[in-house]
Amino acid sequence: MRANREILLGMYQSARSRFGHQGWWPGETPFEVAIGAILTQNTNWANVEKALGRLRKAGALSFEGMRAMDDDALREAIRPAGYFNQKARKLQHLLDWLESRCQGSMELLDNAGTDTLREELLSVRGVGPETADSILLYALGRCTFVVDAYTFRILTRHQMVAEETGYDEMKEVFEDHLPEDVELYKDYHAQIVMVGKKYCRRRRALCEECPFKEFLPAGGVPAEMMQNE
DNA sequence: TGCCAGGCCGGGT
DNA sequence: ACCCGGCATGGC
């Protein structure tokens, strides 16, 4: 529906003019992006950067480098990112999958369809919907929208979707109405995180000052409007 | 100081 | 099919 598309694009432009193009995801290689996607689960990016720095110093920001690392060393390296016991296991599961799937070379994943690849990623222990979509979009350049806690918070607080809206449904709000443009998807999610950090935290919402607000019809968007084609 | 951060899993209803 | 506790560090 055209109106929805204009609203969503307006929200994006509004945030982008305030924060500038973000150039996400920070990371040199697809592998590094994928590792960062695991490490940033429910975790401040500043802490993730510390962990990535320690991995780099240990020569473990490549598939072979990380495989060569013993378990204790891996856990110690990623400690600053928090949940390090869990995340070390998650990383090992991802490495196991990469090894069996593409000999550790993410470039070889190119010959699979996005939907198939998403299902495969979701089968990896420790990779949920947001992590899978982050890897697909930012590491592999697939056109899939990333939803996170901020996306959920912002859309529900502006009453654009119902409280009980699930991940896939939230994702469709964007994918059904935005042009299929990888660069737009990349920066849109980044802008949502910027807006969320500043205006839509867990306990404190500054909805009146939110850059998205000016593009929403007065009184909010009726739920049906965002969900129907 | 407590609250929060770019989730996900496993066990219990 | 949901609901919830657990997981851990560092910055404000």
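All of these numbers come straight from a predicted model, not from anything done at the bench. Numbers restart at 1 for each chain; the letters A, B, ... are given by sequence-line order, proteins then strands. Values below: all heavy atoms of this structure, side chains included; hydrogens, waters and symmetry mates excluded.
- Atom P of nucleotide B:dC8 and atom OH of A:Tyr167 are separated by 8 Å, given to the nearest angstrom.
- When the side-chain nitrogen and oxygen atoms of A:Asn85 are compared with OP1 and OP2 of C:dA8, one or more of them lie within a distance under 4.0 Å.
- Residue A:Met11 forms a side chain to side chain contact (heavy atoms under 4.5 Å, CB included) with just one option from A:Arg16, A:Met160, A:Gln191, A:His158, and that option is A:Met160.
- Nearest-nucleotide mapping onto DNA chain B: of A:Ala46 and A:Gly126, the residue sitting toward the 5' end is A:Ala46.
- Nucleotides C:dG10 and B:dC8 place their P atoms 22 Å apart, quoted to the nearest Å.
- The side chain of A:Arg79 contributes no N or O atom lying less than 4.0 Å from OP1 or OP2 of C:dG10.
- Nearest-nucleotide mapping onto DNA chain B: of A:Pro26 and A:Arg125, the residue sitting toward the 5' end is A:Pro26.
- Look at CZ on A:Arg75: it is 11 Å from P on C:dT9, rounded to the nearest Å.
- Atom C1' of B:dA5 sits at a distance of 22 Å from the matching atom of C:dC3, rounded to the whole Å.
- Which of B:dG7, B:dC9, C:dG10 sits closest to the side chain of A:Ala149 comes down to B:dG7.
- Distance, A:Lys87 NZ to C:dG6 P: 18 Å, rounded to whole Å.
- A:Arg89 places its CZ atom 15 Å from the C1' atom of B:dG7, with the value rounded to the nearest Å.
- As a whole-Å value, the separation of A:Gln86 CD from C:dG6 P is 12 Å.
- If you take CG of A:Asn42 and P of C:dA8, they are 12 Å apart, rounded to a whole angstrom.
- Within 4.0 Å of A:Asn47, counting heavy atoms only, lies at least one base atom of the nucleic acid.
- With A:His189 contributing its side chain and A:Val146 its backbone, the two residues share a donor-acceptor pair below 3.5 Å.
- Distance alone, capped at 3.5 Å, is enough to place a donor-acceptor pair between the A:Thr156 side chain and the A:Phe152 backbone.
- When the side-chain nitrogen and oxygen atoms of A:Thr131 are compared with OP1 and OP2 of B:dC8, one or more of them lie within a distance under 4.0 Å.
- Phosphate contact (OP1/OP2 of B:dA5, side-chain N/O of A:Asn44, threshold under 4.0 Å): absent.
- To the nearest angstrom, C1' of B:dG7 lies 13 Å from OH of A:Tyr150.
- C:dC7: Watson-Crick or G-U partner is B:dG7, with both key distances under 3.5 Å.
- A:Arg204 comes within 4.0 angstrom of no nucleic acid atom, judged by non-hydrogen atoms across all strands.
- In terms of modelled atom types and a separation under 3.5 Å, the side chain of A:Lys186 and the main chain of A:Trp24 share no donor-acceptor contact.
- Contact check, A:Lys50 against C:dG11: a side-chain N or O comes under 4.0 Å of OP1 or OP2.
- In this structure, A:Glu130 reaches the sugar-phosphate backbone alone: every heavy-atom distance under 4.0 Å involves primed, P, OP1 or OP2 atoms, never a base.
- At whole-Å resolution of the value, CH2 in A:Trp45 and P in C:dG10 are 16 Å apart.
- Judged purely by atom type and a 3.5 angstrom limit, A:Ser14 has no side-chain atom pairing as donor or acceptor with the backbone of A:Gly10.
- Between A:Phe145 and A:Tyr185, the ring planes lie perpendicular to each other; the angle is over 60°, past the 30° to 60° tilted range.
- Between A:Arg202 and B:dG2 there is no side-chain N or O to OP1 or OP2 distance below 4.0 Å.
- Nucleotides B:dC3 and C:dG5 place their P atoms 16 Å apart, quoted to the nearest Å.
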